[in-house]
Amino acid sequence: MSDLSLTILLASVLATAAPLIIAALGETITEKVGVINLSLDGSLLLAAMVAFMVAYESGSFTLGFGAAALTGAVIALMIGVFGIYLGQLQVAVGFALTLMCKDLAYFLGNPYSRLQGPQLVAQPIPGLADLPFFGPLLFQQPLVVHLSLLLIPLVWWYFYRTGRGLELRAVGENPEAAYTRGIDPRRKQLFYTLVGGALVGIAGAAFSLGIKPGWGRPQGIEGLGWIALAIVIFGGWHPLKVALGALLFAFLQVVGITLQSLWPSVPAQVFQVAPFPLMILALLLVNLLQREGVQQWLRHRPGLALLVRQLQGRPPRALGQSFRPD
Amino acid sequence: MPNLRQHLTDTLLILAIVLAFTALLLAIVGASPIEAFGHLFKGSFGSWSKFSRVLNVWIPLTLCSLGLLYAFRSGLWNIGVEGQMVLGAIGAAGVLRWGVDSGNPLLMLTLALLAGMLLAALWALLAGWLKTRGGVHEIFAGLGLNFVSMGIILWLIFGPWKRPGIASMSGTEPFPAALWFPTLEGWRVSPFALALTVLAIIITARVLNHSRFGLNLKAVGHNPRAVSLYGLSPQFYLLIGIIISGALAGLAGGLQVSGIYHRLIPAISSGYGYLGLLVVMLANFRLLPIPFIALFFAALNVGSIQLPMMMQLDSSLSGVIQGACVLSALLVFGLRKLKRGRNP
């Protein structure tokens, strides 16, 4: 019996984490090439609305996901053009986009509020779904869960095992050097910003068509874009650790829902803000671990030092700065 | 003066882009743009009572924007201004609750505003410390603290400060009329709050542009390494900048409690902190345009209340227009920068 509930717990962690993993990996790609897309909170919401609207009208999930990916890419295009080519502060563009996309989603989505719409259901995969433990965990899940899990090794492989991935990282670290090697940093940055944005759009669709089905105001995913941005920092811009961060967050969220029932007098909204102080503490911890004193203390504790080294990550050197060819 | 002409062309260009974009959006949802713009205008400037409502939004929005200017000068993105406003409201409400039977309303109101400013300044200091001591980027520190402040205000309204009998989203028990921020007969907006805001604008202009402190603040924002050569501590100025930012947001929050709602409600900050960030960006980080842009944005907020009633449209159109203003401004300013770069 306890085995079964553990499986259910882990299965719901995987489902909760799926859109977050996709969004955070998309942002990892964007930031790895040196661009900050701060619009995640708004773009997730707008993409979720567009996905629901298109799937509702057309009855096609493919069109819904496609439209959402396009939405995310168009928003990323604005970050790219304004930030990379016009030299505006990427943070400023991203913040304005976040607020505007959120209101745009509420404005355009108003007629689709609280409608019963299409919803991706878990598809048991014949043959594999009946496996003990792994069956319910992996093979009775909606397709977006598989997508999110496949994306993790794929992004890692692209970053660290392909020539294009090397170029991507080179541009994020040192665009001037990449430029002298014959790479156009701005074109690379624009391209990967679009890819990252499209993934964020798909994550939005994963919410409204699967994990948190439907559309309404509030949609219930407000704030998660900021969490995804923080997870990228927490994961040290490394795809595997970023995905781990998203899974950890999803785990805390699922456990939190269970804990909530222990204090029925405290309103649910108070529990909903719990991730945010955790986010601050996590970022604080990542930073404090790099202090000289802490490092010295760790030198005598090799086991712990190994663990800490895994937690550390450095932002791409050119993150947020616009490259200017002379 | 070519500079003035350039500002004017830029402004007209931005307005033209926003107008075209908004008209397109309205056409997409099948609404008449003319009708919608008419409702936005009539809903905000159509009568004295509506205009006074606009002023009631203008006051906190201008205060938050002014505060943000101090933080921006020192190079900080004080995104936490929203939560600082909430803490200001909590501080003011706390004093008013405590002073209900004091018999000295004027003293209590003064104390309430001061307490709000103090609490908000401390909350801002926390974000500043996380940045300077903890290395947490101020955008994430501020944003996280915003959500935490939402948790605190909800906990207060549903917990220790709940209405006798039933706790609800409608807020705490209203304060007695003696503890309302003073207003004049027939005015829906407090002239004293207006005067405070105008005073804050004048002081900010003096401090930022004509004082040694303002100069140092700007120097820190421009080049934190160089200023330490002159014996200035960048960290000190960063923290002072964000504290002033928080105090002004706290004043806004305190005025919301004592002058508008006369109680604590969950949505006491109404998103004016985030909106203030847009105001300052649209003003291109300069002081002079801020009061006018804040008035325009306040009018949009109040005017859009008409849209759901009259045209079955969502009132979030105002937010779309405000965001579009900032984005087209970034586009126009960016194109100008590009042009200047090509033929210097």
Side-chain angles (χ1 to χ4, degrees), chain A residues 36 38 41-42 78 81-83 85-89 91-111 113 217 223 226-227 229-230 233 265-288 290-291 315 324, chain B residues 25-26 28-29 77 79 126-127 130 133-137 139-141 143-152 154-155 157-159 167 169 266 271 274-275 277-278 281-282 307-308 312-327 329-331 333-338 341:
Chain A
I36 298 181
L38 205 67
D41 205 46
M78 296 190 70
V81 171
F82 287 34
Y85 285 96
L86 295 181
Q88 294 291 22
L89 270 179
V91 188
V93 183
F95 186 74
L97 276 170
T98 282
L99 292 190
M100 193 185 86
C101 291
K102 195 171 169 180
D103 279 324
L104 198 57
Y106 292 144
F107 180 72
L108 293 177
N110 191 26
S113 220
R217 174 181 189 172
W226 296 109
I227 295 279
L229 276 160
I233 304 178
S265 62
V266 182
Q269 289 95 334
V270 175
F271 283 95
Q272 276 164 17
V273 305
F276 292 94
L278 276 178
M279 170 184 93
I280 296 178
L281 283 179
L283 296 180
L284 194 63
L285 184 74
V286 169
N287 207 278
L288 289 181
Q290 287 167 355
R291 288 285 163 87
R324 211 160 273 279
Chain B
L25 267 185
L26 286 163
I28 288 175
V29 297
W77 273 76
I79 232 174
L126 184 57
L130 281 168
R133 293 285 167 90
V136 180
H137 194 290
I139 288 186
F140 291 100
L143 205 93
L145 291 175
N146 287 350
F147 284 98
V148 174
S149 69
M150 272 320 290
I152 297 177
L154 284 166
W155 171 69
I157 289 172
F158 283 86
M169 291 300 274
Y274 292 132
L275 197 55
L277 279 155
L278 292 189
M281 277 195 252
L282 186 54
L307 295 178
Q312 282 78 49
L313 293 174
D314 199 283
S315 63
S316 53
L317 182 68
S318 59
V320 178
I321 298 178
Q322 289 153 350
C325 282
V326 173
L327 286 170
L330 288 171
L331 180 71
F333 299 154
L335 285 173
R336 201 169 282 295
K337 231 197 272 182
L338 197 71

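Every chain is numbered from 1 and lettered A, B, ... according to where its sequence line falls, protein lines coming before strand lines.
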| query | So A:Leu99 and B:Val326, side-chain contact (heavy atoms from CB on, under 4.5 Å) or not? Walk me through it. | reply | CA-CA 11 Å; A:Leu99 292 190; B:Val326 173; over 6 Å; no
| request: Give a yes or no answer on whether the side chain of B:Asp314 reaches the backbone of A:Asn110 with a donor-acceptor pair at less than 3.5 Å. | output: no
| query | Which region of B:Gln322, side chain (C-beta onward) or backbone (N, CA, C, O), has a non-hydrogen atom less than 4.5 Å from a non-hydrogen atom of chain A, or is it both or neither? | reply | neither
| field | Evaluation steps, side-chain contact (heavy atoms from CB on, under 4.5 Å), between A:Ile280 and B:Phe140 | value | CA-CA 7 Å; A:Ile280 296 178; B:Phe140 291 100; over 6 Å; no
| message | I need the residue from B:Val29, B:Val136, B:Leu143 with the largest number of non-hydrogen atom pairs under 4.5 Å to chain A. | response | B:Leu143
| Interatomic distance, A:Gln88 atom CD to B:Leu331 atom CG [nearest 0.5 angstrom] | 8.5 Å
| Smallest separation among heavy atoms of A:Asn287 and B:Gly135, with atom names | ND2-O, 3.3 Å
| Passing option when A:Phe107 is tested against B:Leu307, B:Ile321, B:Leu317, B:Ile28 for side chain to side chain contact (heavy atoms under 4.5 Å, CB included) | B:Leu317
| request: Supply the atom-to-atom distance A:Met100 CE to B:Leu327 CG, rounded to the nearest 0.5 angstrom. | output: 5.5 Å
| field | Interchain contact, A:Ile227 with chain B, by part (heavy-atom threshold 4.5 Å) | value | neither
| chain B contact via A:Leu104 - side chain, backbone, both or neither, heavy atoms under 4.5 Å | both
| remark: dist B:Trp77:CH2 -> A:Phe95:CZ (nearest 0.5 Å) comes out at 7.0 Å
| request: For B:Phe333, enumerate each residue passing the ring-ring contact (aromatic ring centres under 6.0 Å, His included) test, keeping only those at least two apart in sequence or located in another chain. | output: none
| field | A:Leu89 portion near chain B, given a 4.5 angstrom heavy-atom threshold | value | side chain
| Hey, what do you get for CD1 (B:Ile79) to CG (A:Leu38), rounding to the nearest 0.5 Å? | 6.5 Å
| task | Determine, stepwise, if the pair A:Phe276 / B:Met150 fulfils side-chain contact (heavy atoms from CB on, under 4.5 Å). | result | CA-CA 11 Å; A:Phe276 292 94; B:Met150 272 320 290; over 6 Å; no
| note | Nearest heavy-atom approach of A:Pro277 to B:Val148 is CD-CG2, 3.6 Å
| said: Can you list everything that forms a side chain to side chain contact (heavy atoms under 4.5 Å, CB included) with A:Asp103? Sequence neighbours excluded, please. | reply: A:Tyr106, B:Ser316, B:Val320
| Side chain, backbone, both or neither: which part of B:Arg336 has an atom under 4.5 Å from a heavy atom of chain A? | neither
| task | Below 4.5 Å from any heavy atom of chain A, which atoms of B:Ile152 appear? Answer side chain, backbone, both or neither. | result | neither
